[in-house]
Amino acid sequence: MQQLDIKALKDKLLKFVRSEIFSYLFFGVCTTIINIVIFQLFYSVMGVPTLISNAIAWVFAVAFAYITNRIFVFHSKENSVQGILREVSAFVGARIFSLLFDEAIMWLMVDVMGYTAIEHFTADLLHMDVQDAKSLIAKVCANIVVMILNFLFSKLFIFKKK
């Protein structure tokens with residue numbers, strides 16, 4: 001049996017924490033929290049319809065995501081106005097594509113589908129209305145799909161290494 005190499009394990013852990021994937025996941029979770037909180041604020045607190053609340057949350061999340069992805073995840077070196085505008089337009093364009101998935105999932109899960117046991121369980125657990133629990137579950141599901149799509153777009157097209 002091999003002896004546990006603490007230094008090698010520490011080195012691997014540090015390498016992972018400094019990796020692009022870890023940074024993307026960390027800031028992706030932060031972006032998701034911003035998206036969900038703003039969505040719930042508009043939908044549950046202010047009574048704004050599902051798709052409008054979702055679009056408002058998307059604007060805040062995309063602004064935060066662009067800044068953090070540019071600086072901390074993909075370490076973009078682009079400094080020219082033209083290059084930054086290309087980056088921003090590609091980033092927002094890709095996010096608009098994933099917004100379509102987000103809106104479709106939210107519409108289907110919140111506005112079309114009936115209640116299920118998970119919504120009742122979540123509502124009881126979090127002491128919230130069943131419709132609010134349903135929207136929260138839908139928002140989390142949509143964000144998982146969107147996060148995967150957005151990583152692929154960012155990695156392959158927007159912040160690709162030259």
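Reckoned from all heavy atoms, side chains included, excluding hydrogens, waters and symmetry mates.
With rounding to the nearest 0.5 Å, the separation of CD1 in Ile36 from CG in Leu136 is 6.0 Å. Here the CE-OG1 distance, from Met109 to Thr50, works out to 12.0 Å after rounding to the nearest 0.5 Å.
By the 6.0 Å and 45° rule, Arg95 does not stack over the aromatic ring of Phe97.
Grouped by direct or indirect side-chain proximity (heavy atoms under 4.5 Å, Ile/Leu/Val/Met/Phe/Trp/Tyr only), Ile33 sits with Val29, Val37.
Side-chain contact between Tyr43 and Gln131: present, with at least one pair of heavy atoms (C-beta onward) separated by less than 4.5 Å. Contact annotation: the side chain of His120 approaches that of Val130 to within less than 4.5 Å [non-hydrogen atoms, C-beta and beyond]. Two residues are said to be in side-chain contact when any heavy atoms from C-beta on lie closer than 4.5 Å; Leu99 and Asn54 meet this criterion. Between Ile67 and Phe72, the closest side-chain pair of non-hydrogen atoms is not below 4.5 Å.
Ala133 and Ala123 get closest at one heavy-atom pair: CB-N, 3.6 Å.
Counting heavy-atom neighbours within 6.0 Å of Phe60 CZ, excluding the residue itself, gives a total of 12 or less. Within a 6.0 Å sphere centred on CD1 of Ile21, other residues, nucleotides and ligands contribute 12 heavy atoms or fewer.
Take Phe157 and apply the ring-ring contact (aromatic ring centres under 6.0 Å, His included) test, not counting sequence neighbours, and it matches no residue. With sequence neighbours left out, the ring-ring contact (aromatic ring centres under 6.0 Å, His included) criterion links Phe26 to no other residue.
In the hydrophobic cluster analysis, where Ile, Leu, Val, Met, Phe, Trp and Tyr join through side-chain heavy atoms closer than 4.5 angstrom, Val62 is grouped together with Phe153.
Side chain of Ser98 to main chain of Val146: no donor-acceptor pair is present (N/O by atom type, distance under 3.5 Å, no hydrogens or angles).
A salt bridge does not link Lys15 with Asp11: none of the charged nitrogens is closer than 4.0 Å to a carboxylate oxygen. A salt bridge is defined here as a Lys NZ or Arg NE, NH1 or NH2 lying under 4.0 Å from an Asp or Glu carboxylate O, and Lys134 with Asp129 fails to meet this definition.
Ring pair Tyr66/Phe91 is perpendicular by interplanar angle, where above 60° counts as perpendicular and below 30° as parallel.
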Quiz item: Should Glu78 and Arg70 be marked as a salt bridge (Lys or Arg N to Asp or Glu O under 4.0 Å) after you check the CA-CA gap, both sets of side-chain angles, and the distance that decides it?
Solution: CA-CA 9 Å; Glu78 186 58 67; Arg70 176 179 165 72; over 6 Å; no

